[in-house]
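Structure first, commentary second.
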Amino acid sequence: MDCRKMEPIVHGLKESYGGCMSMRRVNFHARSEWHELLSPIGTPEFVLLNSSREVIYRWFGYTEETEFAAVLDPLCG
């Protein structure tokens, strides 16, 4: 899967939801505190955390904007 196909969707998510939540890009291959916390299993992968850093939702592979909206709209509405 070419992760670049997700770039326009990710930019749209930042524009739509950036005002109500923080977004961070984590390199799948780099060992970091985020890598350890998220335990990524694929790429692209998107993880939604609550304020306690608990995973509340994951998306894997190519994901349509509507799939994100179904989860994020109620949180930001």
Smallest heavy-atom separation, P74 atom then A69 atom, equals CD-O, 3.9 Å

Spacing of CD1 belonging to I56 relative to CG belonging to L75, to within rounding of 0.5 Å: 5.5 Å

I41 and E45: which non-hydrogen atoms are nearest, and at how many Å? N-OE1, 2.8 Å

From E65 atom CD to L13 atom CG, the distance as rounded to the nearest 0.5 Å: 5.5 Å

May I ask you to check if R53 and W34 form a cation-pi contact, with NZ or CZ under 6.0 angstrom from the six-membered ring centre and within 45° of the axis? yes

Output for pair (L72 CG, M21 CE), nearest 0.5 Å, gives 4.5 Å

Linking I/L/V/M/F/W/Y whenever any side-chain heavy atoms sit under 4.5 Å apart, do V71 and V47 land together? no

Give a yes or no answer on whether the side chain of E36 reaches the backbone of E33 with a donor-acceptor pair at less than 3.5 Å. no

How close do E64 and I9 get, heavy atom to heavy atom, and via which atoms? CA-CD1, 4.3 Å

Check whether H35 reaches the backbone of F28 with its side chain - one donor and one acceptor, N or O, closer than 3.5 Å. yes

So, does S16 use its side chain to make a donor-acceptor pair with the main chain of G12 at under 3.5 Å? yes

I'd like to know if Y17 and Y57 are part of one continuous hydrophobic network [Ile/Leu/Val/Met/Phe/Trp/Tyr, side-chain heavy atoms within less than 4.5 Å]. yes

Taken to the nearest 0.5 Å, the spacing of R24 CZ from L49 CG works out to 10.0 Å

Describe, in one word, how the ring planes of F46 and F68 are oriented to each other, choosing from parallel (under 30°), tilted (30 to 60°) and perpendicular (over 60°). perpendicular

Nearest heavy-atom neighbours spanning M6 and Y62: SD-CD1, 3.4 Å

